[in-house]
Amino acid sequence: MRLATLAVIVKNGRVLLGYKKKGVEEISDILNGPGGKVEPEESLEECVVRETAEELGVYLNPYTLDEVAVIIFYAAGVPDFEVHVFRSSDFTGTPRETEKMIPEWHDVGRLPLERMLEGDRAWFEKAVRGERFNADVYYREKAKGFERIEYFPFKD
């Protein structure tokens, strides 16, 4: 199982999302937060800061990151990714298109859930609100064929 991070950046009633130009989904019309795989010798916080800078050109303050969720994604019943979700509103820089992602701000009251992966639609609003949870998300195959989500009390 691979280890990854995801940033949920919320500021002034808006959340920063983007279109991944390449990645796990290989679908360019899916919105997501910035994130990716943890590199060897890298902490979770270092990973989410690095990935956000690479994908959106902004730098998260690592001292104000709030881990709100740990989600295990299953593909055909096999654990595929363990994703640590960090919420933040403290960053420097202006979001910009990079070779990896095209940024978009969205009102937290009108999240574009229909443009996200089906499994993400089930939990993303909780993370935006800062709710803490653990979850298992089941797909029939990698990021396709959403089956169900199971929530558990948060423990990091």
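Values below: all heavy atoms of this structure, side chains included; hydrogens, waters and symmetry mates excluded.
Thr5 places none of its side-chain heavy atoms less than 4.5 Å from the side chain of Val83. Using a 4.5 Å cut-off on side-chain heavy atoms (C-beta onward), Phe81 and Val137 make no contact. Between Glu82 and Arg2 there is no side-chain heavy-atom pair separated by less than 4.5 Å. Ile72 is not listed as a side-chain neighbour of Phe152, based on a closest heavy-atom distance of 4.5 Å or more. Side-chain contact check for Pro153 versus Asn134: every heavy-atom pair is 4.5 Å or farther apart. The side-chain heavy atoms of Asp80 and Tyr139, taken from C-beta on, include no pair separated by under 4.5 Å.
Residues satisfying the side-chain contact (heavy atoms from CB on, under 4.5 Å) criterion with Tyr151, sequence neighbours excluded, are Ala122, Trp123, Lys126, Phe133, Ala135, Ile149. Annotation: side-chain hydrogen bond (donor to acceptor under 3.5 Å, both in side chains) contacts of Glu54 (sequence neighbours excluded): Arg50, Lys100. Scored by the side-chain contact (heavy atoms from CB on, under 4.5 Å) test, Arg132 finds Asp66, Phe154 as partners (sequence neighbours excluded). Considering only residues two or more places apart in sequence or on other chains, Glu104 meets the side-chain contact (heavy atoms from CB on, under 4.5 Å) condition with Tyr19, Leu31, His106, Arg115. Shown here are the side-chain hydrogen bond (donor to acceptor under 3.5 Å, both in side chains) partners of Ser89, two or more places apart in sequence or in another chain: there are none.
Nearest approach of Gly36 to Cys47, heavy atoms of both residues: O-SG, 3.5 Å. Of all heavy-atom pairs spanning Lys155 and Val70, the tightest one is O-CG2, 4.2 Å. Heavy atoms only, all atoms of each residue included: Met1 and Pro79 are closest at SD-CB, 3.5 Å. The two atoms that bring Glu55 and Gly33 nearest to each other are OE1-O, 4.4 Å, heavy atoms only. When all heavy atoms of Glu125 and Leu111 are compared, the closest pair comes out as CG-CD1, 3.5 Å.
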Evaluate the criterion side-chain contact (heavy atoms from CB on, under 4.5 Å) for residue pair Phe124 and Val8; output intermediate values, then yes/no. CA-CA 9 Å; Phe124 191 75; Val8 176; 3.9 Å; yes
Could you go through the salt bridge (Lys or Arg N to Asp or Glu O under 4.0 Å) check for Glu67 and Arg87 one step at a time? CA-CA 6 Å; Glu67 186 173 14; Arg87 189 176 185 278; over 6 Å; no
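A donor-acceptor distance shorter than 3.5 angstrom exists from the side chain of Asn61 to the backbone of Tyr63, with no hydrogens or angles considered.
Hydrophobic cluster membership for Leu44: Leu3, Ile9, Leu16, Val38, Val48, Val49, Leu56, Val58, Leu60, Leu65, Phe86, Phe91, Met101, Trp105 (Ile, Leu, Val, Met, Phe, Trp, Tyr linked by side-chain heavy atoms under 4.5 Å, directly or transitively).
For Arg148 and Glu150, the salt-bridge test passes: some basic side-chain N is under 4.0 Å from an acidic carboxylate O.
We find the CD-NZ distance between Glu42 and Lys37 to be 12.0 Å, quoted to the nearest 0.5 Å. Interatomic distance, Ile30 CD1 to Asp120 CG, rounded to the nearest 0.5 Å: 9.0 Å.
The same ILVMFWY cluster, assembled from side-chain heavy atoms under 4.5 Å apart, contains both Leu117 and Val15.
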